[in-house]
Number of protein chains: 2
Amino acid sequence: MASILSASNKSMRSDGNTYVGKRFVHVKNPYLDSMDEDILYHLDLGTKTHDLPAMFGDVKFVCVGGSPKRMKAFALFMQKELRLEESREDIKDICAGTDRYCMYKIGPVLSISHGMGIPSISIMLHELIKLLHHAQCCDVTIIRIGTSGGIGITPGSVVITDTAVDSFFKPRFEQIILDNIVTRSTELDKALAEELFNYSKEIPNFPSLIGHTMCTYDFYEGQGRLDGALCSFSREKKVDYLKRAYKAGIRNIEMESTVFAAMCRLCGLKAAVVCVTLLDRLECDQINLPRDVLEEFQQRPQLLISRFIKKRLGLHDQRS
Amino acid sequence: MASILSASNKSMRSDGNTYVGKRFVHVKNPYLDSMDEDILYHLDLGTKTHDLPAMFGDVKFVCVGGSPKRMKAFALFMQKELRLEESREDIKDICAGTDRYCMYKIGPVLSISHGMGIPSISIMLHELIKLLHHAQCCDVTIIRIGTSGGIGITPGSVVITDTAVDSFFKPRFEQIILDNIVTRSTELDKALAEELFNYSKEIPNFPSLIGHTMCTYDFYEGQGRLDGALCSFSREKKVDYLKRAYKAGIRNIEMESTVFAAMCRLCGLKAAVVCVTLLDRLECDQINLPRDVLEEFQQRPQLLISRFIKKRLGLHDQRS
């Protein structure tokens with residue numbers, strides 16, 4: 001079973017490096033095209049109820065993040081940045097029929113929320129990837145813009161992930177399929193990470209770096225916090241763990257990057273993870289910055305991705 | 001490390017059976033009480049900014065569910081059922097400052113959303129349990145009311161969980177703490193499950209049963225769906241897996257019950273899981289019922305829990 005996906009993964013890797021022509025989104029499911037209808041339940045969309053190619057065929061950039069409010073703010077920001085305000089298009093939540101996720105479309109940019117944690121983003125990604133496939137989208141870049149805890153770096157720093165690693169510092173995502181565990185690679189697109197890092201250097205007062213990102217299944221015990229409802233380890237054990245993570249090249253911790261990297265890689269989507277850090281976990285566990293500082297920090301990944309999209313669209317001379 | 005929690009777990013177990021007097025919520029974290037302030041970041045509440053005992057001290061029933069809209073609907077329903085409408089209290093989202101979760105309080109009932117998946121509910125539970133502890137709540141019952149996929153039972157059936165099991169049909173939750181894996185029991189309160197089952201029999205046209213509930217980390221590959229963006233197994237393998245699950249006593253599949261059972265058990269909260277099934281996974285993978293049928297199904301767990309709360313409060317003669 002696992003070998004099917006691993007094999008296609010290898011061929012995609014060389015695709016990625018030698019790419020010419022249109023790169024479509026791959027679904028890796030032999031059953032899908034024989035289905036009479038595909039209901040994307042958690043997005044409240046479907047192949048019979050919606051004309052997906054007409055609605056989404058021109059999408060080139062997908063930006064995802066945990067918080068619905070933040071992804072709406074990003075959509076409004078992109079509308080301004082791409083000078084699409086004059087179209088007086090209302091920013092409407094395309095998934096308004098469900099409260100599981102929200103989705104906004106601004107020209108070629110899709111902004112979607114994914115909730116918190118691997119299972120939540122994984123449901124969204126399955127349905128998003130099918131959506132891009134049904135809509136016959138090509139050459140799509142997908143970027144997660146999120147928040148995270150930093151390790152040994154100043155709060156407010158933006159970490160561009162080269163590789164997502166698990167709690168054991170390994171670059172892998174363990175997917176349970178039926179009752180088997182299948183290990184998938186979590187490598188991200190290195191060229192895209194470099195490109196984003198270079199653009200970040202053009203923005204004044206924008207601390208940024210490339211590093212490994214650790215993805216955990218929980219915020220408290222799994223990230224070594226001493227302030228959860230449960231805590232069975234000492235402060236020393238916590239600090240030892242975080243210092244070992246730092247030595248392994250990890251610069252921030254969040255809760256979605258491994259499955260995001262693994263799924264996008266398998267489906268031929270060029271992917272990046274760009275997260276701002278809200279605290280330095282070597283210093284503290286609680287997020288206690290004033291709200292306005294937190295707000296400004298959370299805009300940093302948006303600022304970088306906006307610059308990236310405008311460069312890609314050849315709009316960089318107008319406002320950058 | 002793990003032994004600390006296992007040991008207290010055992011003593012709690014006998015507590016649970018021989019309980020007399022007030023049963024407080026236990027946090028199992030020696031660091032917590034020495035903290036000057038505790039910011040419950042994802043609930044937008046804190047010990048310095050809010051008078052938690054005044055706000056929450058009288059809470060006796062906590063109901064949690066994935067969808068924010070559904071948990072608001074449940075709060076409105078309970079307001080009616082408990083005849084608290086005349087107080088003209090606005091149903092306000094107590095966590096309005098954040099979009100991670102929503103929370104409503106109706107007299108002794110707290111209704112909170114938890115998003116989808118183990119990591120998402122786990123963050124909420126850590127902060128909820130600390131909230132109940134800071135507010136000095138006692139004798140609290142917590143119930144997850146959710147949706148699920150059934151196995152071999154009619155859609156619309158309500159499953160009251162006796163034991164939550166993982167993808168390997170084991171009654172355990174594997175919690176990663178730093179880089180160790182700690183196994184926790186997922187047994188739920190049997191007496192509470194029986195009580196709920198008995199009440200369910202009093203409601204006309206209310207198909208219900210007690211069974212095991214399987215909790216997975218994802219909705220597609222992890223639950224043997226043939227309609228995800230990725231699918232590497234055959235229809236036969238899927239059916240074989242689900243039939244083995246049925247033989248093991250599993251009657252429904254969802255994505256939060258193991259960590260919910262494990263954490264509530266460790267913290268001395270009497271807990272139950274009551275989920276309606278939206279489809280029979282032996283028959284299909286897609287949720288394609290008309291919206292009004294889905295709505296009615298989703299009200300079933302609410303109906304049962306409302307009856308339970310009214311009985312506990314001695315209000316069962318008024319409206320039941």
Side-chain angles (χ1 to χ4, degrees), chain A residues 1-2 4-5 27-32 35 37-39 41 67-69 99-100 115-120 122-123 125-127 129-130 133 167-169 175-179 182 216-222 224 226-233 235 237-238 241 255 263 266-267 286-288, chain B residues 1-2 4-5 27-32 35 37-39 41 67-69 99-100 115-120 122-123 125-127 129-130 133 167-169 175-179 182 216-222 224 226-233 235 237-238 241 255 263 266-267 286-288:
Chain A
M1 288 303 133
I4 303 173
L5 293 178
V27 292
K28 297 205 178 278
N29 178 351
Y31 298 98
L32 206 67
M35 285 168 60
E37 179 179 14
D38 187 11
I39 299 173
Y41 178 71
S67 147
K69 276 186 200 162
D99 60 354
R100 302 300 191 168
M116 287 186 289
I118 286 172
S120 187
S122 128
I123 296 174
L125 285 174
H126 271 281
E127 299 185 12
I129 290 165
K130 291 197 293 175
H133 168 73
S167 299
F168 307 94
F169 314 158
Q175 171 70 49
I176 301 175
I177 302 182
L178 307 178
D179 44 3
V182 174
T216 67
Y217 278 97
D218 115 281
F219 187 78
Y220 287 95
E221 294 175 283
L226 301 171
D227 66 337
L230 301 167
C231 179
S232 55
F233 47 85
R235 191 178 301 274
K237 286 271 181 195
K238 165 203 157 170
Y241 179 66
M255 297 177 66
M263 287 184 69
L266 280 172
C267 295
Q286 294 228 315
I287 302 165
N288 54 12
Chain B
M1 288 301 135
I4 302 174
L5 293 179
V27 292
K28 297 206 177 278
N29 178 352
Y31 297 99
L32 205 67
M35 285 167 60
E37 179 178 14
D38 187 11
I39 299 173
Y41 178 71
S67 146
K69 276 186 200 160
D99 60 354
R100 302 298 191 169
M116 288 186 289
I118 287 173
S120 188
S122 129
I123 296 174
L125 285 174
H126 271 280
E127 299 185 11
I129 290 165
K130 291 198 293 174
H133 168 73
S167 299
F168 308 94
F169 313 158
Q175 170 71 49
I176 301 176
I177 302 183
L178 307 178
D179 43 3
V182 174
T216 66
Y217 278 98
D218 113 281
F219 187 78
Y220 287 95
E221 295 175 282
L226 301 171
D227 65 336
L230 301 168
C231 178
S232 55
F233 47 86
R235 193 179 299 274
K237 286 270 181 196
K238 165 202 158 171
Y241 179 66
M255 298 177 65
M263 286 184 69
L266 280 171
C267 295
Q286 294 229 316
I287 301 165
N288 53 12

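Letters go in sequence order (proteins before strands), and every chain restarts at 1.
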**Partners meeting ring pair (Phe, Tyr, Trp, His ring centres under 6.0 Å) with A:Phe169 (sequence neighbours left out)** = A:Tyr241
**Request:** Under the ring pair (Phe, Tyr, Trp, His ring centres under 6.0 Å) rule, collect the residues that match up with B:Phe168, sequence neighbours excluded.
**Result:** none
**Prompt:** Using non-hydrogen atoms only, which part of A:Ser167 is less than 4.5 Å away from chain B: side chain, backbone, both, or neither?
**Reply:** both
**Request:** Among the options B:Met255, B:Gln175, B:Met35, pick out the one with the most heavy-atom pairs lying under 4.5 Å from chain A.
**Result:** B:Gln175
**Prompt:** Of all of B:Ile118, B:Ile287, B:Asn288, which one pairs up most often with chain A through heavy atoms under 4.5 Å apart?
**Reply:** B:Ile287
How about [X] and [Y]: do any of their side-chain heavy atoms sit closer than 4.5 Å?
{"X": "B:Lys130", "Y": "A:Tyr220", "result": "yes"}
{"X": "B:Asp38", "Y": "A:Gln286", "result": "yes"}
{"X": "A:Asp218", "Y": "B:His126", "result": "yes"}

**Complete:** Between A:Leu230 and B:Cys267 the two heavy atoms that sit nearest each other are CD2-SG, 3.8 Å
**Request:** Provide the closest heavy-atom pair for A:Cys231 versus B:Pro30 in the form atom of the first, atom of the second, distance.
**Result:** O-CD, 3.6 Å
How long is the span from the [atom1] atom in [X] to the [atom2] atom in [Y], to the nearest 0.5 Å?
{"X": "A:Asp227", "Y": "B:Glu37", "atom1": "CG", "atom2": "CD", "value": "11.5 Å"}
{"X": "B:Lys238", "Y": "A:Ile177", "atom1": "NZ", "atom2": "CD1", "value": "15.0 Å"}
{"X": "A:Leu178", "Y": "B:Thr216", "atom1": "CG", "atom2": "OG1", "value": "11.0 Å"}

**Request:** Return the option, out of A:Ile129, A:Leu226, A:Leu125, with the maximum number of heavy-atom pairs under 4.5 Å with chain B.
**Result:** A:Leu226
**Fill in**
Assert top hit (heavy-atom pairs under 4.5 Å, partner chain B, pool A:Ser120, A:Gly224, A:Gly117) equals A:Ser120
**Request:** Pick one of side chain, backbone, both or neither for B:Ser67, based on which atoms fall under 4.5 Å of a heavy atom in chain A.
**Result:** both
**Item:** Close aromatic pair by centroid cut-off 6.0 Å: B:Tyr41 and A:Phe219
**Value:** no
